[in-house]
Every structure is written in structure tokens, then in C-alpha cells.
Amino acid sequence: MNKEQGRLKGKVAIITGAASGIGKGTALLFAEEGAKLVLVDRDSERLQTTAAEIRQAGGACETVLGDVSLPETADLAVCTALDAFGGVDVLFNNAGIMPVGDIVDYPLSTWDEVMNVNVRSMFLLSKRAIPEMLKRGGGSIVNTSSVMASLTEPGYSAYTASKAAIIGLTKEIAVSYAEKGIRCNAIAPGWVETDMNVKLAESVGGMDKLYPVIKQQQPLGRMATPREVGYAVLFLASDEASAVTGSCLSVDGAASAAI
Ligand SMILES: NC(=O)c1ccc[n+]([C@@H]2O[C@H](COP(=O)([O-])OP(=O)(O)OC[C@H]3O[C@@H](n4cnc5c(N)ncnc54)[C@H](O)[C@@H]3O)[C@@H](O)[C@H]2O)c1
């Protein structure tokens with residue numbers, strides 16, 4: 001770790017879903033690259049574990065416990081960034097859920113929950129963070145979409161709709177704020193080694209059952225690690241991506257290139 005020369009040196013970043021998976025992997029990487037972090041999640045215990053790992057490695061972070069689909073959480077996250085670190089430069093909207101089921105049996109309440117956690121949260125956090133980014137002369141928003149925004153399979157009505165909506169929201173923010181110095185991009189991961197897929201494996205009879213599907217769908221032949229996804233987020237968050245906005249970067253081991 002070299003915080004003096006880090007790719008995010010001096011930047012303040014808010015990361016949602018930071019207690020686990022892609023959010024945690026990205027948080028650890030951002031801290032190594034010199035960012036000061038506000039970590040947001042609803043899982044108190046694992047959020048504190050992530051924070052402890054970052055502090056132990058010499059990084060700076062604050063935690064915000066809350067449901068990202070609520071405006072109070074967006075407000076608290078931004079206020080924490082302002083109070084602790086003086087502003088906001090990067091927003092990684094990443095928290096998401098993936099309940100699966102046939103559309104005919106799919107409860108309306110679950111549909112609403114998926115839309116609220118996966119999409120409304122990004123609207124709320126962007127809405128609250130953009131004015132603060134403008135005060136600093138710009139910023140970078142990265143939203144976690146999915147390969148499933150464009151390729152899907154039965155049972156994913158809400159998830160696929162939510163991930164496609166995220167790409168639309170990303171483009172709108174990008175065109176609205178490009179001239180004002182705020183960039184907004186999405187990432188579209190394929191299979192990633194996280195709890196989300198551990199839960200999916202449990203529902204289909206174990207990882208042994210899931211792995212052949214992963215190998216068949218993702219030419220890379222394995223899941224990506226959270227850290228590998230984190231490097232894509234790091235690029236988009238950093239000044240190296242100063243001309244990249246309104247894009248969606250696939251991090252899917254060629255899943256979206258395969259037939
Ligand atoms: N794992 C994959 O293969 C994969 C692929 C493509 C996209 N994604 C997306 O990546 C993102 C991160 O998922 P992951 O795989 O790291 O999953 P994960 O389950 O390991 O982590 C998700 C985190 O989000 C938090 N979270 C969920 N709902 C929340 C809420 N309402 N308020 C606050 N925190 C909440 C959870 O507590 C958890 O810590 C999601 O948006 C997911 O859709 C994952």
C-alpha cells in the first residue's frame with residue numbers, strides 16, 4: 001500500500017454494500033489507493049469487520065448503518081462524508097439484492113423491494129451527493145449493474161429490470177453533468193465470487209450444481225473475484241477515466257460475448 005501515490009489519493013468515496021462481496025473488495029482496494037471511505041450497509045456486524053480490516057491496514061473510514069433504499073441513509077452517508085472528510089468525490093452505488101422466482105408467483109412486495117434497493121437507492125444517493133460533488137468541481141459515480149441487464153434467464157424479472165434501469169439512470173446522469181465535471185458510469189459484472197452466489201448455490205443444491213453453469217456461461221471458466229471487479233471500479237472512479245462517462249464496463253469473463 002502506498003497512500004502517498006495512490007490512484008485515489010485525497011479522494012473521499014462513499015461505497016454502498018460495503019460489508020460484503022464486491023463492495024467490500026472495492027473498499028479494501030480504494031483504501032489501499034489512498035481514498036477516505038464512508039462505508040454503507042445494513043449488516044452491522046460485517047460492516048464493522050470491513051471497517052476494522054481497513055483501519056488495521058492504515059486506511060481511513062467511517063461507517064453508516066442503514067437501508068440504502070431510504071432517503072435518511074443517503075443523507076447520513078453524505079453528511080458523514082462532509083463531517084469526517086470535508087466532501088464527496090466518488091460514489092460507488094453497489095448494494096443490491098437478487099430474489100428469484102417466476103413472475104406469476106412473484107410477490108409485488110418483493111418486486112418493490114428489488115426496485116427500491118437496486119435502483120431507488122442510486123437515485124437517492126446520487127441526488128444527495130451530486131450537489132456536494134459540484135462544490136468540489138466534479139466527481140465520479142459508479143453504479144453496479146449486471147450482465148443480466150441485457151442477458152437473462154427465467155426467474156429474474158425484477159432483477160433484470162432493475163439492472164437495465166440502472167444503465168438508463170447512469171446515462172442520464174452522465175449527459176446531465178458531463179460539462180459540470182461529474183462522470184457517471186456503470187459496471188456489468190458476470191459471475192462473481194460473493195455471498196449472493198453462495199445463496200444462489202444453496203437454492204439449487206450446492207456449488208457443485210452451480211459451477212457447470214458458470215463454466216458454460218462465462219468463457220473465463222471461473223467466477224471473478226471481488227477484487228478483480230474492484231479494479232474496474234477503481235479505474236472508473238479515478239482521474240485516469242477523465243473522458244469516460246455514460247459507459248457500462250463489462251467485467252464478465254466474456255459472458256456477454258458468448259453465444
Ligand atoms: N455476485 C455476482 O455474481 C454479481 C454479478 C453481477 C452484479 N452483481 C451486483 O453486485 C452488487 C453487489 O453484490 P455482491 O455480489 O457483492 O453481493 P453480497 O450479497 O455479497 O453483498 C451485497 C451487500 O449489500 C448489502 N445490502 C443489501 N441490501 C441492502 C440495503 N437495502 N441497504 C443496505 N445494504 C444492503 C448487503 O448487506 C451486502 O453486504 C449487487 O448490486 C449485485 O446485484 C453481483
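Both ligands and their constituent atoms are indexed starting at 1 by order of listing.
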Are Lys135 and Glu132 close enough for a salt bridge, meaning some N to O gap below 4.0 Å? yes
Residue part near ligand 1, for Arg46, under 4.0 Å between non-hydrogen atoms: neither
Quick check: does Asp67 get an N/O under 3.5 Å from an N/O on ligand 1? yes
Is Ser145 close to ligand 1, meaning an N/O of one under 3.5 Å from an N/O of the other? no
Taking distance alone, with N or O pairs closer than 3.5 Å, would you say Arg42 contacts ligand 1? yes
Could you check whether any side-chain N or O of Thr73 sits under 3.5 Å from a backbone N or O of Ser69, counting only pairs where one atom can act as donor and the other as acceptor? no
If we ignore hydrogens and angles and just use 3.5 Å, is the side chain of Asn185 paired with the main-chain N or O of Gly246 as donor and acceptor? yes
Per-atom contacts, ligand 1 versus Thr144 - under 4.0 Å to a heavy atom: 9 (C), 10 (O), 11 (C), 41 (O)
So, does Asp252 use its side chain to make a donor-acceptor pair with the main chain of Ser256 at under 3.5 Å? yes
Looking at non-hydrogen atoms alone, which of Gly25, Gly96, Ala149, Pro189 comes nearest to atom 6 (C) of ligand 1? Pro189
Ligand 1 atoms in contact with Trp191 (distance to a heavy atom under 4.0 Å): 3 (O)
Applying a strict 4.0 Å limit to heavy atoms, is Lys163 in contact with ligand 1? yes
Please check: side-chain N/O of Asn116 versus main-chain N/O of Asp112, any donor-acceptor pairing under 3.5 Å? yes
What's the shortest distance from atom 32 (N) of ligand 1 to any protein heavy atom, and which residue and atom give it? Val68 N, 2.9 Å
Looking at ligand 1, is there an atom of it that comes within less than 4.0 Å of some heavy atom belonging to Pro226? no
Less than 4.5 Å apart, side chain to side chain, heavy atoms only: is that true for Glu240 and Arg7? yes
Under a 4.0 Å threshold between the charged nitrogen and the carboxylate oxygen, would Glu32 count as salt-bridged to Arg227? yes
If we set the cut-off at 4.0 Å for heavy atoms, which region of Thr16 has an atom near ligand 1: side chain, backbone, both, or neither? neither
Ligand 1 atoms in contact with Ile22 (distance to a heavy atom under 4.0 Å): 10 (O), 16 (O), 44 (C)
Is the shortest N/O to N/O distance between Val147 and ligand 1 below 3.5 Å? no
Taking the side chain from Thr160 and the backbone from Met148, do they hold a donor-acceptor pair closer than 3.5 Å? yes
Nearest protein heavy atom with distance in Å, relative to atom 24 (O) of ligand 1: Gly17 CA, 3.4 Å
Taking the side chain as C-beta and beyond, is there a heavy-atom pair between Tyr106 and Val114 under 4.5 Å? yes
Tyr177 atom OH, neighbour heavy-atom count above 12 within 6.0 Å: no
Asp75 with Arg128: basic N within carboxylate O range, under 4.0 Å: yes
Tell me whether Asp41 has any N or O atom under 3.5 angstrom from an N or O of ligand 1. yes
Quick check on Glu179: does its CD atom have over 12 non-hydrogen neighbours (other residues, nucleotides or ligands) under 6.0 Å away? no
Going by the order shown, which atoms of ligand 1 are within less than 4.0 Å of some heavy atom of Gly66? 32 (N), 33 (C)
Just let me know how Asn197 lines up against ligand 1, side chain, backbone, both or neither, with a heavy-atom cut-off below 4.0 Å. side chain
Identify the closest protein heavy atom to atom 40 (C) of ligand 1: which residue and atom is it, and at what distance? Asn94 O, 3.3 Å
Which of the numbered atoms in ligand 1 are under 4.0 angstrom from any heavy atom belonging to Gly21? 16 (O), 20 (O)
Less than 3.5 Å between some nitrogen or oxygen of Gly190 and one of ligand 1, yes or no? yes
Structural part of Ser121 in contact with ligand 1, heavy atom criterion under 4.0 angstrom: neither
Lys/Arg N to Asp/Glu carboxylate O, Glu33 vs Lys9, below 4.0 Å: no
Suppose we measure from atom 13 (O) of ligand 1 to each protein heavy atom; which comes out shortest, and what is that distance? Met196 CE, 4.0 Å
Ranking Thr194, Asp252, Asp195 by closest non-hydrogen atom to atom 1 (N) of ligand 1, top hit is Thr194
Could you check if a side-chain atom of Asn93 sits within less than 4.5 angstrom of a side-chain atom of Val142, using non-hydrogen atoms only? no
Of all the non-hydrogen atoms in the protein, which one sits nearest to atom 20 (O) of ligand 1, and at what distance? Ser20 OG, 2.5 Å
Other residues, nucleotides, ligands: >12 heavy atoms within 6.0 Å of Ile103 CD1: no
Arg136 and Asp89: salt bridge (Lys or Arg N to Asp or Glu O under 4.0 Å), yes or no, with the steps? CA-CA 7 Å; Arg136 312 256 277 190; Asp89 304 294; 2.8 Å; yes
Does any N or O of ligand 1 fall below 3.5 Å from an N or O anywhere on Ile97, backbone included? no
Under 4.0 Å from a heavy atom of Val192: give me the atoms of ligand 1 that qualify, with their elements. 1 (N), 2 (C), 3 (O)
Heavy atom of the protein closest to atom 43 (O) of ligand 1 (residue, atom name, distance): Tyr159 OH, 2.6 Å
Would you check the N or O atoms of Ser146, main chain and side chain alike, for any that come under 3.5 Å of an N or O of ligand 1? no
